[in-house]
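First comes the structure, then the notes that go with it.
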Protein chains: 2
Amino acid sequence: MTQFGSTVRGIRERLRRDDRRFSVRQVAQRVGIEPAYLSKIERGEVAPPSEATTVRLAAELGQDPDVLLALAGKVSGDLQEIIRKRPRLFAELIRQLKEAPDDAVLRVVREVRDGDW
Amino acid sequence: MTQFGSTVRGIRERLRRDDRRFSVRQVAQRVGIEPAYLSKIERGEVAPPSEATTVRLAAELGQDPDVLLALAGKVSGDLQEIIRKRPRLFAELIRQLKEAPDDAVLRVVREVRDGDW
DNA sequence: CGTCATGTGTCGTATATAGTACACATTTAG
DNA sequence: CTAAATGTGTACTATATACGACACATGACG
């Protein structure tokens, strides 16, 4: 589908240039999966792994978990839970912001962060 | 798990009081599933149906699809796609708003809707 | 030059997801 | 009273998800 695998491979190989601990085998071991499985993931031979595995992989590679999950075609379970608790509210908000430029969304984020509520 | 089934049953039975077309069989047929399956869904004997089926069911019962999806433990695919396109931005926004009261979120929604961007 | 680590091919598996098909007892309506 | 409609029990299935186990050829390096 998308470039989840190649992205992961790229990141891992870059890290590997100055740290031999970033081989397929060693990363797989630290992440808690089989090396063969990680190899297949990186080559796109299988679908991206589960959310939990993706998050551990992101941590290992120093990546933002939400970004890696997005590449895997997923949305973090905790975000989904927040939405599910107030579906109408969040559905409307998110659809409103669909076409908004990044900086407009960022303004909203900051406003909420500094907000007085 | 949750009360997806009993909620659907309640809504359907209420509709049925003044419209005989809201039997399990007839609703199932219009939704495009087997009556036995709808029956099991309503009694919670099986997990809530797929997103597509849930959405058709919501339409048939005059419900907000996002709300019914939430009861089914899901988040609409189109919302997920919006988030996946800008994961960092939306992840931060949504987590910021997790604890915000409804009216604060609503204010943001309105602000964005009337926004000048 | 031998050994150790590396990446990958092949095969298999357990669980979840999303239903269908059919029969049957009960209820409802003309 | 009977014919049609109703709700549901039982059994089955196809596909997807998410991996593990093991072996093997190749390459690096001390």
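Reminder, nothing fancy here: chain letters follow the sequence lines and each chain counts from 1. Side chains included, hydrogens not; waters and symmetry mates left out as well; all remaining heavy atoms used.
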Quickly work out the B/E13 CD to D/dG7 P distance and round it to whole Å. 9 Å
If you assign A/F22 and B/S50 each to the DNA chain C nucleotide with the nearest heavy atom, which residue ends up on the more 5' nucleotide? A/F22
Residue-phosphate contact under 4.0 Å: A/S39 side-chain N/O, C/dG7 OP1/OP2: no
Counting heavy atoms from C-beta on, name the nucleotide in D/dT8, D/dT6, D/dG9 closest to the side chain of B/S23. D/dT6
Taking 4.0 angstrom as the limit, do A/K74 and A/E51 come out as a salt bridge? no
Counting heavy atoms from C-beta on, name the nucleotide in C/dG7, C/dT20, C/dC11 closest to the side chain of A/V24. C/dG7
Counting side-chain heavy atoms from C-beta on, which of D/dG9, C/dG7, D/dT6 comes nearest to B/R43? D/dG9
Do A/V112 and B/V112 belong to the same hydrophobic cluster, where Ile, Leu, Val, Met, Phe, Trp and Tyr are linked whenever their side-chain heavy atoms lie under 4.5 Å apart, directly or via other members? yes
Would you please confirm or rule out a distance under 4.0 Å between OP1 or OP2 of C/dA18 and any side-chain N or O of B/K74? yes
Expressed in angstrom and rounded to an integer, what is the separation of A/Q29 atom CD from D/dC19 atom P? 17 Å
As a test of reading the structure: which of D/dT6, D/dG9, D/dA18 is closest to the side chain of A/Y37, going by heavy atoms? D/dA18
Of all heavy-atom pairs linking A/A70 and B/P87, the shortest is CB-CG, 3.6 Å
Could you check whether B/R95 pairs with A/D78 (Lys NZ or Arg NE/NH1/NH2 to Asp/Glu carboxylate O, under 4.0 Å)? yes
Nearest to side-chain heavy atoms of B/R20, which nucleotide of C/dC24, C/dG7, C/dA29: C/dA29
Atom pair distance, as rounded to whole Å: CD in B/E45 and C1' in C/dG19: 13 Å
For the pair made of CD in B/E42 and C1' in D/dG7, what is the distance, rounded to whole Å? 10 Å
The side chain of A/I33 lies closest to which of these nucleotides: C/dG7, D/dG9, D/dG20? D/dG20
Side-chain N or O of B/R16 closer than 4.0 Å to phosphate OP1/OP2 of D/dG7: yes
What integer distance in Å separates A/R25:CZ from C/dG9:C1'? 13 Å
Could you tell me if B/R30 sits above the aromatic ring of B/F22, with its cationic atom closer than 6.0 Å to the ring centre and no more than 45 degrees from the axis? yes
Atom CD of A/E34 and atom C1' of C/dC11: how far apart are they, to the nearest Å? 14 Å
Expressed as a whole number of angstroms, how long is the span from B/Q26:CD to C/dT27:C1'? 15 Å
Check every atom of D/dT8, C/dT8, C/dG7 against the side chain of A/R9 and return the nucleotide holding the closest atom. C/dT8
Might you confirm whether atom CZ of A/R88 has over 12 heavy atoms from other residues, nucleotides or ligands at distances under 6.0 Å? no
Tell me the interatomic distance from A/K40, atom NZ, to C/dG12, atom C1', rounded to whole angstroms. 10 Å
Check whether any side-chain nitrogen or oxygen of A/T53 sits under 4.0 Å from OP1 or OP2 of D/dC19, and answer yes or no. yes
By the 4.0 Å heavy-atom rule, please label B/L38 as base, sugar-phosphate, or nothing. nothing
